[in-house]
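Report on the structure given below.
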Amino acid sequence: MSTKFMIIDGSSLVHRAFYALPILSTAGGIYTNAVYGFTTMLLKLLENVKPDAVAVAFDKSRITFRNEFYQAYKAHRQATPSELAEQFSYVRRLVEAFGIKVLEEAGYEADDIIGTVACQAEQHGFDVLIVTGDKDALQLVKPGVQVMLTRKGITDLEVFNPETFFAKYGITPKQFIDMKGLMGDPSDNIPGVAGIGEKTALKLLQQFGDMEAVLQHLDQVSGKKLQETLANSVEIALLSKKLATIVCDMPLAFEAESYKFQPDMAKLQELFILLEFQSLIPRLTGLTAGKTIPALEEHSLPTAQIAVSAEDLAEIRKSLRTDSCLAVFPVVSGAVPALTVDGMAVSCQGQAVYVPADSACWDGILSLLADSSVAKMTHDGKQLLNSCRQMGAPCRHLAFDTIIAAYLIEPSATDYSLNVLSHQYLSQMANVTAGDSQSSDFAVWAARTIEALYPVFRQRLESAGLFSLFADIEVPLVDILSAMETGGITVDTEHLKTINRDLSAKIEKLLAAIYAISGEQFNVNSTKQLGALLFDKLQLPVIKKTKTGYSTDAEVLDKLLGRHPVIEYLLNYRMLTKLKSTYLDGMGILVNSLTGRIHTTFNQTVTTTGRLSSSEPNLQNIPVRTEEGRRIRELFIPGRDWNLILSADYSQIELRVLAHMSDDANLIDAFRQNQDIHTRTASEVFGVSMAEVTPPMRSKAKAVNFGIVYGISDYGLSRDIGVARKEAALYIESYFSRYPGVKKYMEQSVAMAKEQGYVSTLFGRRRYLPDINNSNFSLRSFAERTAMNTPIQGTAADIIKKAMVDVYALMQERRLKSRMLVQVHDELLFEVTEEEKDEVASLVKQAMEQTVELSVPLLVDVNTGENWAAAK
DNA sequence: AGACTCACG
DNA sequence: ACGTACGTGAGTCTT
């Protein structure tokens with residue numbers, strides 16, 4: 001197989017690109033259109049030609065040896081515009097990052113270097129390809145040397161070999177020089193013989209062969225006039241030919257090794273980011289595949305099952321610099337706690353392999369994962385860590401998770417799949433195997449894509465001030481959530497069955513009573529049928545309507561209480577069936593039959609505020625508000641090797657955060673004195689002493705406090721506490737006059753959102769509010785309330801997340817057996833041993849209260865019990 | 001798939 | 001005059 005040598009006329013292509021593309025510049029004002037055009041061409045060439053050796057030649061100066069004997073050579077050329085001149089240094093840096101040798105010599109044009117190197121390479125047995133936009137280079141075509149010429153623009157390319165050249169021009173490449181000598185070339189200021197054009201030159205050369213032959217046999221030239229013209233122009237003809245001749249014997253040493261193409265992926269990514277070539281980054285990943293590392297080349301990518309040897313992994317390990325990351329992407333099936341790992345793709349600087357779990361060098365992969373000196377990046381680190389926990393293999397030093405990065409950059413997005421991210425951030429086409437995340441091809445693509453996304457995300461995180469939140473809180477939390485999911489929480493299944501039987505009996509009785517009172521059997525779960533009974537047959541007053549009919553929700557039923565005996569039964573029925581279907585039946589089937597535990601999924605990228613969410617089952621909405629509901633909490637018990645459930649919850653964390661962020665003196669005072677905040681608010685709003693606050697006053701004040709946190713509106717408050725809107729407005733006015741700092745803070749939050757388009761938490765987490773200036777009242781109001789609520793809810797979320805990181809680290813440090821089980825926004829749940837109970841209680845309380853220092857103290861209540869209900 | 005209802009913070 | 005309290009997930013019925 002022959003080896004390919006590609007020589008590019010950098011000067012020519014950059015000029016072409018500059019004039020072919022509209023002026024582009026980065027946000028920082030760097031002009032990039034020529035660099036961009038050149039880079040896309042270079043990438044395309046590397047992809048299509050797959051050269052083994054590459055060089056790029058540049059003109060070094062305007063003055064060359066040709067000026068020595070002909071001053072006017074290229075003299076009338078316009079000066080390079082500064083917009084283009086500035087781009088050459090970036091082109092050079094790019095070429096160097098690509099690991100491509102740059103050629104330039106004082107006194108010579110790029111063409112001469114190209115001619116010289118082309119001849120040398122051809123003599124060394126290379127297949128040479130010259131790429132240029134300058135037709136002059138066509139004279140270099142010969143067996144073993146092809147010229148690729150840009151036609152119009154920069155994408156249309158035409159390849160010439162001796163045959164295709166002759167077919168097109170009817171002369172040989174060597175004669176091309178004679179043509180130019182005779183005709184001249186106005187663009188280069190080559191004079192040529194006056195009065196000889198293309199037709200005549202062609203005729204002469206076809207008859208005589210070359211210029212020298214023409215001049216020696218002037219007598220044989222047809223036409224007296226032409227003979228005279230030529231005779232008078234011998235010197236100028238020979239000079240013109242000399243000017244047009246590309247030098248092929250410059251004194252240049254040829255070292256084949258120095259032209260070997262070896263891209264530096266890290267440098268390239270850096271430059272692409274700098275120049276804002278995001279869309280080109282993924283093209284880098286294909287560059288070196290199976291190319292530069294011989295050990296990998298043998299098992300050439302990307303076939304599905306790749307046998308990888310220990311040496312291959314050693315190569316990867318070798319190419320891992322201390323500041324570089326290993327991208328990993330596991331292929332898994334099933335879910336926690338019955339997860340199977342089929343294999344894993346790993347990639348380092350574009351060199352990727354897929355290793356099946358049953359292959360000989362799987363241990364090599366596991367040792368890479370366990371090696372804390374090798375930083376890992378992945379997409380969905382929790383999945384990776386769950387996989388490792390499943391195998392009982394440690395995975396150390398998770399440094400970057402693209403799913404978390406994408407979430408922090410854009411928390412309102414709903415789809416953080418790699419496919420979407422590569423499209424969104426790398427402008428990459430959808431991966432064809434994307435539907436099959438089980439496939440090894442997908443995994444290899446995924447690992448490379450993660451690497452390509454890394455610099456983009458890293459830069460975005462840093463420029464948005466999100467990196468510390470990312471690296472110090474969110475990424476460490478990934479491992480903790482994985483541990484919590486894998487560990488699970490034990491459920492008392494016997495007790496579950498008992499409660500379920502009990503509930504079923506009660507529901508059956510209620511159902512019978514409902515049928516008896518209403519005089520008909522119907523589906524009570526159907527709001528449509530229930531509405532027909534209540535509002536058509538029984539003629540009860542319609543309190544509220546929904547889009548599709550009558551509303552029958554608890555609020556409506558509450559208002560109908562006493563108007564008909566069936567209402568009370570319905571309310572109870574609703575409550576009990578909810579408990580049964582969602583919490584007993586629904587959760588029951590999710591208890592693992594082997595471990596007796598439930599393994600929820602904690603989602604770290606769902607909420608727009610920064611909170612976690614929990615699903616399958618949702619352990620963050622286990623009933624607590626009613627007596628019947630609290631029985632569900634009795635089902636959550638410590639595992640066999642533990643003794644107690646410990647619960648630690650922040651007291652009024654959101655209002656404390658508000659006190660801190662608003663810097664309201666009155667609110668701060670309330671918390672510094674550790675007063676009952678709702679009583680204090682009642683005293684302020686109603687203008688009475690705290691001792692005079694009555695229970696209804698306190699309850700109203702409590703609603704006001706909630707309203708404040710949610711982004712208050714008189715309408716919402718009036719609806720919640722059942723007073724006239726005017727009265728609600730009065731409470732709000734009164735509140736703000738007593739807490740002016742809070743009022744100012746809320747106004748600032750909205751103003752900030754309107755100005756910069758987003759609001760942020762104490763830790764820098766952002767939420768964008770595109771509707772904040774919308775002319776639609778409803779949408780705008782919603783955005784305004786969000787602007788008030790998100791910094792508070794989000795900061796509280798930041799705080800408990802940071803506390804989890806602190807608590808987990810301390811528990812590991814002290815090698816405690818007790819384990820963190822669940823997070824419920826302001827509460828952490830643990831299973832603890834009797835011996836560790838006191839230590840964990842004080843450790844947790846301390847860590848949670850001290851994780852951040854606010855202008856008011858954080859207060860954590862800790863309780864233990866034999867189950868979740870008892871730990872209150 | 002969307003609406004409704006209801007569980008939690 | 002406008003018309004929603006903020007953030008979630010799950011079960012059930014209807015279309």
Side-chain angles (χ1 to χ4, degrees), chain A residues 411-412 522-531 544-557 570-571 573-587 589-590 600-603 606-626 628-630 632-633 649-655 658 703-721 725 728 732 749 759 767 774-794 796-797 800 822-828 868:
Chain A
S412 308
F522 64 104
N523 187 345
V524 185
N525 294 325
S526 162
T527 48
K528 202 179 168 195
Q529 293 178 42
L530 183 61
K544 194 164 63 170
K545 289 205 133 208
T546 66
K547 252 187 233 177
T548 52
Y550 306 119
S551 171
T552 66
D553 67 19
E555 199 189 319
V556 169
L557 296 182
L570 285 173
L571 279 166
Y573 174 86
R574 279 260 175 90
M575 178 176 72
L576 298 184
T577 51
K578 172 79 177 180
L579 294 180
K580 178 173 163 60
S581 64
T582 301
Y583 299 102
L584 298 179
D585 298 341
M587 232 166 49
I589 56 177
L590 292 169
T600 185
T601 299
F602 285 107
N603 206 311
V606 163
T607 74
T608 44
T609 54
R611 278 188 175 179
L612 299 177
S613 88
S614 152
S615 55
E616 280 185 289
N618 181 353
L619 292 184
Q620 294 181 318
N621 71 346
I622 303 302
V624 71
R625 291 170 187 171
T626 66
E628 291 88 341
R630 275 195 290 279
I632 305 288
R633 295 207 165 200
D649 66 296
Y650 281 110
S651 160
Q652 301 295 350
I653 187 165
E654 291 191 344
L655 287 173
L658 174 64
V704 171
N705 279 332
F706 270 106
I708 291 293
V709 169
Y710 291 157
I712 196 99
S713 79
D714 50 11
Y715 183 86
L717 180 63
S718 76
R719 220 177 53 78
D720 193 52
I721 58 179
R725 205 167 121 183
I732 294 169
S749 286
V759 289
R767 177 172 180 184
N774 198 305
S775 59
N776 180 315
F777 172 86
S778 190
L779 290 176
R780 187 179 63 251
S781 304
F782 185 38
E784 286 169 1
R785 288 195 300 276
T786 310
M788 298 187 252
N789 170 262
T790 294
I792 302 168
Q793 188 182 121
I800 193 164
V822 178
Q823 185 247 49
V824 196
H825 311 309
D826 64 357
E827 173 186 14
L828 293 178
W868 194 354

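Being a predicted model, the structure only gives us computed values, none of them experimental. Sequence lines set the chain letters: A, B, ... in the order given, protein chains first and strands last, and positions in each chain run from 1.
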Any side-chain N or O of [X] less than 4.0 Å from the OP1 or OP2 oxygen of [N]?
X: R767(A); N: dG7(C); result: yes
X: K528(A); N: dT15(C); result: yes
X: N621(A); N: dA10(C); result: no

Between the base of dT4(C) and the side chain of S781(A), is there any donor-acceptor pair under 3.5 Å?
-> no

Assess whether one donor atom and one acceptor atom, taken from the side chain of R785(A) and the base of dG7(C), lie less than 3.5 Å apart.
-> no

DNA chain B: 5'-most and 3'-most nucleotides touching chain A, 4.0 angstrom heavy-atom criterion = dA3(B) to dG9(B)

Please give the distance between the [atom1] atoms of [N] and [M] as a whole number of Å.
N: dA7(B); M: dT4(C); atom1: P; answer: 23 Å
N: dG3(C); M: dC8(B); atom1: C1'; answer: 26 Å
N: dA5(C); M: dA3(B); atom1: P; answer: 15 Å

Any luck finding a side-chain donor-acceptor pair between [X] and [Y] under 3.5 Å?
X: T609(A); Y: Q793(A); value: yes
X: Y573(A); Y: N525(A); value: yes
X: T608(A); Y: S412(A); value: no

[X], nearest nucleotide to its side chain (from [options]):
X: Q793(A); options: dC6(C), dG3(C), dT8(C); result: dC6(C)
X: R719(A); options: dA5(C), dT8(C), dT14(C); result: dA5(C)
X: S526(A); options: dA5(C), dT14(C), dT8(C); result: dT14(C)

Which base sits across from dA10(C) as a Watson-Crick or G-U pair, both distances under 3.5 Å?
-> dT5(B)

Paired to dA1(C) by Watson-Crick or G-U wobble criteria (both distances under 3.5 Å) is none

